[in-house]
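The following block contains the structure, expressed as structure tokens.
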Amino acid sequence: MKDRIARIIDDALRRAIVEGRVSVERLPPIILERPRREEHGDFATTIAMVLSRQARCSPRELAGIIVERIDSPMVSRCEIAGPGFINIFVDRAYWWDTLCEILNRGDDYGRVDVGKGRKVQVEFVSANPTGPLHIGHGRGAAVGDSLANILKIAGFDVTKEYYINDTGRQMEILGRSLFLRYRELLGEKVVFPEDHYRGDYIKDIARDMISRYGKKFLSSSEDEVLDRFTHFAMSVILDGIKKDLRDFGVDFDNWYSESSLFERGLVMETIEELRKMGLIYHRDGAVWFRTTDFGDDKDRVLIKADGSTTYFASDIAYHRDKLVRGFSTIVDVWGADHHGYEPRMKALFRALGRDESTLRVIFIQLVSLLRGGEPISMSTRKGEFVTLREVMDEVGRDACRFFFLMRKADAHLDFDLELAKSQAPENPVYYVQYCHARINSIMEFAVSRGVEVPDTPERGCMERLALKEEIDIIKKLAEFEEVIERSALDMEPHRLTFYLMELAGLFHPYYNRHRVVTDDVPLTTARLSLCRAVMKTIAKGLNLLGVSAPEKM
RNA sequence: GCGCCUGUAGCUCAGCUGGAUAGAGCGUCGGACUACGAAUCCGAAAGUCGGGGGUUCGAAUCCCUCCAGGCGCACCA
């Protein structure tokens, strides 16, 4: 609808130019907005104000010239307002047509093609396999997963990936932590270092170890068994992470292991490639990547003086491989505390001759957990963090995912456990879900009364949808695909959440004021069609957010 | 010190690539269930868009500056 109106304006403007009424060098795209106030029409454009200087006439005069040339049955009237706005009122017949189109699209409604089949990879969560997922990872999982869903329906070819940091010092520490707990549980006195993983989950894994191997490793030195302990701990933890994510409704296309980068020689290969480009140098016994050539504020070490590689070395090899795999856009979802890492990663892309916009980093801000308005203290160091599992078990998956998507990713989120699980009106999750369940009830009621619920819309009946509320709902439905496009292009899934709350916010009052199923058969048919369209749109939208659309609650 | 994020109603937040008189929800107060689900709806009060400059026909939105909070500035991951 929006595109069609834009074309009508564009045509009118071009006609004015051809007729010599205005002279304009460059024609900007026609931008339409939805005015806040309804007396300003269904759409409005500022094109006359934008072009007035170029066209050397007043905005209102230019608007008049354009409006005179607008000729379409879709536009019932046009007004020039204020400093030069052109307000456009769409004929209701076209809103009825729109409703029919939406219903005819069926399950396909919402599918758009801004992605044009381009390959995009979304890498998210990627939590180190050193402990269970906490609430912050949950937010990243919700954002990454629904973003991937939205990109998919917007026409991108999406791959979801989890990067496993399974090498390096932290892995050693994990193995040592397990070995220490193992010995401790078998009665040895141990000193547990400050920087080791202190969470109780390590003890649980140690118990597993004991039940499987007994005291077998008690007499072994750490060197002899460290690999085994590390590997054991990691695989148990990783299995737990996978289960948590699966239960959260998140599944990945690919689990990419850091150690595979080394096995395939990609880390050294990447460093070699940069060396050939003259971007590598040695200093103080270390090997450096000259990222300052590409906007970073200092150069970065790839190989330390002790011969081991840095995390960054793995990461550039990993991201180079993403490019090799043919992704045209690479999305990384990171915790906001990693934002300082972005410039050096962008530097890699530029070094490899790619536009830095190829990499889109989405930062996930912290989640503050509250209970009834009171903050719950969290400290990873002491091991008393709140896990995703705990929150999911307490408030449920739907509420959890919905809450994570109620804010834009880079804004702090207050997550109140009591609010999230309350079935009271102030809980927005249920507001949207209830709308879906309620419409389902209407459908069932209609069937029970012997009313036929139409599968395909009957255009003739639609004219009975004459109420302002009904037209408003159709207009909102017509926005759905625009919301999908914007959420995809701006990579902001929270917009979809807001859209669904708005749509439900139009439907509930309508329901309370007007009856759907009455003795008036054509009116009933029309209203059931409207209901069906709302129901489908809400179901589709919730589905993209990873939230269920229940038929009963 | 430098960089990034945030600052909008009592609270939590929207506000699309600058547009018209600033938008929700919660909370507060007052109302609505003998016809499709009251997890709903109706009504009321509530704002110096952190402060100050600038750009422009027009700024919550862009630029500068200051203030407040958070987070980063490793041969850690």
Side-chain angles (χ1 to χ4, degrees), chain A residues 29 31 33-37 39-40 44-46 49 52-53 58-59 81-85 87 128 130 165 167-171 173 195 258 283-288 297-298 300-312 314-315 335-343 363 365-366 370 373 406-408 410-414 416 419 422-431 433-435 437-446 448-449 451 482-483 486-487 489-490 492 494-495 497-498 501-502 504-505 507-518 524 527-528 531 552-553:
Chain A
I31 293 164
E33 60 194 46
R34 294 174 191 276
R36 266 202 291 267
R37 306 175 63 81
E39 58 265 38
H40 293 149
T45 178
T46 58
M49 288 181 281
S52 70
R53 184 172 299 187
S58 79
F85 293 98
N87 295 334
N128 294 343
T130 54
N165 292 117
T167 68
R169 217 177 97 78
Q170 41 147 7
M171 281 294 114
I173 294 176
D195 64 344
E258 182 185 6
R283 195 181 74 203
D284 305 330
V287 174
W288 299 71
D297 49 10
K298 56 184 80 160
R300 306 293 168 176
V301 169
L302 297 178
I303 303 175
K304 298 180 247 176
D306 69 2
S308 63
T309 55
T310 58
Y311 178 85
F312 184 53
S314 302
D315 236 358
D337 53 343
H338 287 73
H339 67 254
Y341 210 74
E342 189 183 20
F363 293 104
Q365 263 297 354
L366 292 177
L370 309 174
M406 282 198 318
R407 302 277 174 272
K408 54 183 171 215
D410 60 0
H412 291 262
L413 171 65
D414 281 344
D416 195 311
L419 176 60
S422 83
Q423 299 193 353
E426 66 261 26
N427 191 336
V429 188
Y430 300 118
Y431 188 80
Q433 287 185 321
Y434 184 55
C435 184
R438 176 174 251 178
I439 294 175
N440 185 65
S441 287
I442 298 172
M443 298 297 177
E444 284 177 357
F445 177 80
S448 77
R449 291 278 293 260
V451 178
E482 289 165 38
V483 171
R486 284 255 68 89
S487 305
L489 293 174
D490 297 340
E492 293 187 333
H494 75 280
R495 293 196 191 188
T497 316
F498 280 91
M501 292 194 283
E502 286 165 13
F507 186 81
H508 285 308
Y510 169 66
Y511 168 89
N512 270 280
R513 229 192 285 254
H514 307 286
R515 255 191 95 71
V516 174
V517 180
T518 61
T524 300
R527 287 184 171 172
L528 284 172
C531 285
K552 300 238 178 299
M553 291 172 67

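Letters A, B, ... are given to chains in the order of the sequence lines, protein chains preceding strands, and every chain is numbered from 1. Computed from a prediction, not measured in an experiment: that's the story for all the values here.
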Q: Name the nucleic acid region contacted by A:Asp416, choosing base, sugar-phosphate or nothing; use a 4.0 angstrom heavy-atom cut-off, strictly under.
A: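 Result for A:Asp416 = nothing.
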Q.
What does the B/S/- profile of nucleotides 7-14 of chain B look like, 5' to 3', with a 4.0 Å heavy-atom cutoff to protein?
A. -----SSS
Q.
Please enumerate all residues that pass salt bridge (Lys or Arg N to Asp or Glu O under 4.0 Å) together with A:Arg34, with sequence neighbours excluded.
A.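 With sequence neighbours excluded, A:Arg34 shows a salt bridge (Lys or Arg N to Asp or Glu O under 4.0 Å) to A:Glu479, A:Glu482, given in chain and number order.
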Q: With sequence neighbours left out, write down each residue that passes salt bridge (Lys or Arg N to Asp or Glu O under 4.0 Å) with A:Glu502, or none if nothing qualifies.
A: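 Result, salt bridge (Lys or Arg N to Asp or Glu O under 4.0 Å) vs A:Glu502: A:Lys476.
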Q.
Please give the distance between the C1' atoms of B:C13 and B:U6 as a whole number of Å.
A.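 That atom pair is separated by 12 Å.
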Q: Could you check whether A:Ala446 gets within reach of a base, just the sugar-phosphate, or nothing at all, counting any heavy atom under 4.0 Å?
A: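 Answer is nothing: A:Ala446 stays at 4.0 Å or more from every strand.
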Please enumerate all protein N or O atoms sitting under 3.5 Å from an N or O of nucleotides 22-24 of chain B, with distances to 0.1 Å.
unit_1 : atom_1 : unit_2  : atom_2 : d
B:G23  : OP1    : A:Arg36 : NE     : 3.0

**Q.** All stems with RNA chain B, defined as three or more consecutive Watson-Crick or G-U pairs under 3.5 Å
**A.**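 The stems are B:1-7 with B:67-73, B:10-13 with B:23-26, B:28-32 with B:40-44, B:50-54 with B:62-66.
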Q | B:A22 and B:C49, which share atom name P, separated by this distance in whole Å | A |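 The answer is 10 Å between these two P atoms.
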Q. Within the pair A:Tyr431 and B:C41, is there a side-chain N or O less than 4.0 Å away from OP1 or OP2?
A.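 Answer is yes, contact under 4.0 Å.
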Report each atom pair, protein N/O against N/O of nucleotides 28-30 of chain B, whose distance is under 3.5 angstrom.
none

Q. So what does A:Pro509 hit on the nucleic acid, given a heavy-atom distance under 4.0 Å: a base, only sugar-phosphate, or nothing?
A.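 The residue A:Pro509 makes sugar-phosphate contact but no base contact.
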Q. Taking only residues two or more places apart in sequence, or in another chain, which ones meet A:Arg283 in a salt bridge (Lys or Arg N to Asp or Glu O under 4.0 Å)?
A.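 In terms of salt bridge (Lys or Arg N to Asp or Glu O under 4.0 Å), with neighbours along the sequence ignored, A:Arg283 is linked to no residue.
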(Q) When you measure from the side chain of A:Arg527 to the backbone of A:Arg515, do you find a donor-acceptor pair of N or O atoms at a distance under 3.5 Å? (A)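 Between the backbone of A:Arg515 and the side chain of A:Arg527 there is a qualifying donor-acceptor contact (under 3.5 Å).
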Q: Could you tell me whether A:Arg486 contacts a base, only the sugar-phosphate backbone, or nothing, with contacts defined as non-hydrogen atoms closer than 4.0 Å?
A: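 The answer is sugar-phosphate, as A:Arg486 gets under 4.0 Å only of primed atoms, P, OP1 or OP2.
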Q: Just call it for A:Ile31: base, sugar-phosphate, or nothing, with non-hydrogen atoms closer than 4.0 Å on any strand.
A: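 If one applies the 4.0 Å heavy-atom cut-off, A:Ile31 turns out to touch a base.
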Q | Donor-acceptor contact below 3.5 Å, side chain A:Asp306 vs main chain A:Ser308 | A |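 Between the backbone of A:Ser308 and the side chain of A:Asp306 there is a qualifying donor-acceptor contact (under 3.5 Å).
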Q) What do the steps show when you test A:Phe85 against A:His40 for side-chain contact (heavy atoms from CB on, under 4.5 Å), and what is the final call? A) CA-CA 9 Å; A:Phe85 293 98; A:His40 293 149; over 6 Å; no
Q: Could you list the residues that satisfy ring pair (Phe, Tyr, Trp, His ring centres under 6.0 Å) with A:Tyr434, not counting sequence neighbours?
A: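 Counting only residues at least two positions away or on another chain, A:Tyr434 forms a ring pair (Phe, Tyr, Trp, His ring centres under 6.0 Å) with A:His508.
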Q) Checking all strands, does A:Asn165 fall into the base, sugar-phosphate, or nothing category for heavy-atom contacts under 4.0 angstrom? A)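 Touches nothing.
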Q: Return yes if a side-chain donor-acceptor contact under 3.5 Å exists between A:Gln170 and A:Thr130, otherwise no.
A: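 No - no donor-acceptor pair under 3.5 Å links their side chains.
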Can you give me the N/O atom pairs linking the protein to nucleotides 43-48 of chain B at distances under 3.5 Å, or say none if there are none?
none

Q | Pairing residues for A:His338 by the side-chain hydrogen bond (donor to acceptor under 3.5 Å, both in side chains) criterion, not counting sequence neighbours | A |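 If we apply the side-chain hydrogen bond (donor to acceptor under 3.5 Å, both in side chains) test to A:His338, skipping adjacent residues, there are no hits.
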Q. So what does A:His339 hit on the nucleic acid, given a heavy-atom distance under 4.0 Å: a base, only sugar-phosphate, or nothing?
A.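 A:His339: base contact, heavy atoms under 4.0 Å.
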Q | Quiz item: A:Asp315 side-chain donor-acceptor pair to B:A77 base, under 3.5 Å | A |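 Side chain to base: no pair present.
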Q | Under the side-chain hydrogen bond (donor to acceptor under 3.5 Å, both in side chains) test, residues paired with A:Glu492 that sit two or more places apart | A |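 Scan of A:Glu492 (side-chain hydrogen bond (donor to acceptor under 3.5 Å, both in side chains), adjacent residues dropped) gives A:Arg495.
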Q: Select base, sugar-phosphate, or nothing to describe what A:Tyr511 touches, counting heavy atoms under 4.0 Å on all strands.
A: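 Base: the residue A:Tyr511, judged by heavy atoms under 4.0 Å, touches a nucleobase.
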Q.
List the residues meeting salt bridge (Lys or Arg N to Asp or Glu O under 4.0 Å) with A:Asp195, not counting sequence neighbours, and say none if there are none.
A.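 For A:Asp195, the residues satisfying salt bridge (Lys or Arg N to Asp or Glu O under 4.0 Å) (neighbours in sequence not counted) are A:Arg169.
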